[in-house]
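Worksheet: one structure, shown below.
Proteins come first, then strands; the chains are lettered A, B, ... in the order of their sequence lines, and each starts at number 1.
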Amino acid sequence: MKYVDEFRDAALGRALAGEILGQLEPGRHYKMMEVCGGHTHSIYKYGIDDLLPANVELVHGPGCPVCVIPMGRVDDGIGVALQEGVIFTCFGDMLRVPGSNGSLLDAKAQGADIRMVYSPLDALRIARQNPNREVVFFAIGFETTAPSTALTLKRARAEGIENFSCMCSHVTIVPPLRALLESPDLRLDGFIGPGHVSTVVGARPFEFIPADYAKPVVIAGFEPLDILQAIAMILRQLAEGRCEVENQYTRVVPYEGNERALEVMAEVFELRPHFEWRGLGFISHSGLRLSEAYADLDAERRFSVPGVRVADPKACQCGEVLKGVIKPWECKVFGTACTPERPIGTCMVSSEGACAAYYNYGRFAREREVV
Amino acid sequence: MTPHGRPQGRDPAADHCVTCGDEGVLMRVMRVDRVRCLAICVEPGAEPWAREEVAIDLVEPVARGQTLLVHAGVALANLDQTHAALKSLSAREGPLPRVRSAAEAIGPTARRPT
């Protein structure tokens with residue numbers, strides 16, 4: 001397939017691995033973070049870390065939208081879902097995220113009408129088909145997903161659908177990156193920037209990383225050669241003493257992003273003063289809520305929401321994993337009490353989560369053998 | 001046909017997160033429904049009957065045969081348009097920054113436009 005096959009070519013992959021080797025300074029340890037959970041998934045699916053020299057370490061960032069949802073927010077969703085007459089819709093992975101007293105899947109088993117959708121537009125269709133029920137869409141995701149929600153709300157408004165509302169938990173990628181860069185226990189040499197978020201926001205929002213923190217950023221695609229090339233580009237910047245934002249994923253990402261998507265987001269959303277991130281705590285201006293113009297479609301205003309902050313389970317070290325301080329297998333409950341079938345932490349829920357990626361692609365077994 | 005880019009014939013839990021996150025699926029446009037602002041698309045490699053509706057509000061104009069990047073039932077990028085724009089940028093401002101060796105064969109990369 002065009003745009004895919006050429007980015008999976010084994011010979012080019014070997015050549016890129018050789019190019020990476022040629023950029024390394026002897027004795028130096030390189031540590032770079034892939035911000036996006038999609039990259040984490042690709043890295044373990046294609047075994048990219050096996051191709052890298054031992055002194056090039058990849059750290060997994062906070063870019064899985066399921067993994068960063070705090071338990072209290074799940075409880076809020078369950079609180080709405082259990083209300084009389086509500087059809088609660090959400091993305092599939094969200095169903096299994098544990099709250100303080102079970103997951104949405106558990107609430108469904110108890111009788112709540114909770115339905116998995118692939119697109120917010122599917123939730124709107126359910127609202128059209130059920131005019132006597134209140135249909136709530138639990139919106140999660142970064143700037144990649146937020147335009148879909150915004151577009152859906154605009155269509156709901158245009159069609160006059162009044163039994164549809166949105167519980168908005170969308171987040172933005174730049175504030176947590178800044179928080180990570182301010183973290184004293186994290187030393188990084190560069191970032192593999194999020195490809196599909198950048199399709200929407202463009203490359204410009206990442207310019208603060210080289211400007212303020214002197215770290216290179218390379219926005220990358222999700223095929224194996226995309227990621228290898230991005231690593232080579234970061235290493236080349238370091239070798240040449242440069243530090244800037246480069247775009248490896250030009251076949252999809254325009255430098256200025258998708259202007260229409262940004263416009264629709266600006267119309268429908270506004271920044272929350274604070275939003276809680278799992279493992280990272282409260283980060284200013286990092287979450288989105290519906291703007292005043294769309295307040296009547298805001299489920300948090302339409303329904304009573306518990307809004308209680310719940311601390312993460314003590315055994316769970318998702319926070320350290322999300323900050324790249326520890327590897328998933330270094331968590332005490334990884335692969336024992338916490339598995340994809342029975343997750344304790346959110347990083348084990350979504351297949352984009354670092355723990356699930358390690359677990360599903362055999363890293364757990366390999367690490368155990370090494371030990 | 002399934003509405004709004006829902007993948008058919010794939011186990012949603014088997015491979016990767018199809019429901020959220022930064023996943024994007026490349027789909028080819030088979031037909032454009034301008035009244036509903038939708039494209040009827042097929043994912044290359046999928047069964048021909050597995051056509052899906054994709055909202056194209058954010059990437060219009062779209063034509064049959066083009067490739068879209070689809071996320072949660074909404075097209076975020078039209079790869080053929082992006083490629084055309086890159087080619088025109090390259091023609092106007094000279095070649096894109098140098099990419100060495102094997103990377104050169106993969107495709108263009110870009111730094112901040114001046």
Query raised in the report: Does atom CD of A:Glu259 have more than 12 heavy-atom neighbours from other groups under 6.0 Å away?
Result: no

Query - Per-residue contact mode, A:Ala261 against chain B (heavy atom under 4.5 angstrom) - result: both

Query raised in the report: Shortest non-hydrogen contact from A:Leu121 to B:Ala55?
Result: CD1-CB, 3.8 Å

Query raised in the report: So, A:Arg155 and B:Asp57, do they make that salt bridge, N to O below 4.0 Å?
Result: yes

Query raised in the report: Measuring heavy-atom distances to chain B, does A:Val264 have an atom under 4.5 Å in its side chain, in its backbone, in both, or in neither?
Result: side chain

Report task. Working to the nearest 0.5 Å, report the span between CG of B:Leu69 and CG of A:Asn258. Result -> 10.5 Å

Query raised in the report: If you measure from CZ on A:Arg251 to OG1 on B:Thr67, what distance do you get to the nearest 0.5 Å?
Result: 11.5 Å

Query raised in the report: How about A:Pro147 and B:Val74: do any of their side-chain heavy atoms sit closer than 4.5 Å?
Result: no

Requested in this report: Counting only heavy atoms closer than 4.5 Å, note whether B:Leu76 contacts chain A via side chain, backbone, both or neither.
Outcome: both

**Report entry** B:Arg34 atom CZ: more than 12 heavy-atom contacts under 6.0 Å
**Finding:** yes

Report task. Check A:Phe91 against B:Ala72 and note the closest heavy-atom contact, atom names and distance. Result -> CZ-CB, 4.3 Å

Query - Gap between atom OG of A:Ser119 and atom CD of B:Glu53 - 0.5 Å precision - result: 10.5 Å

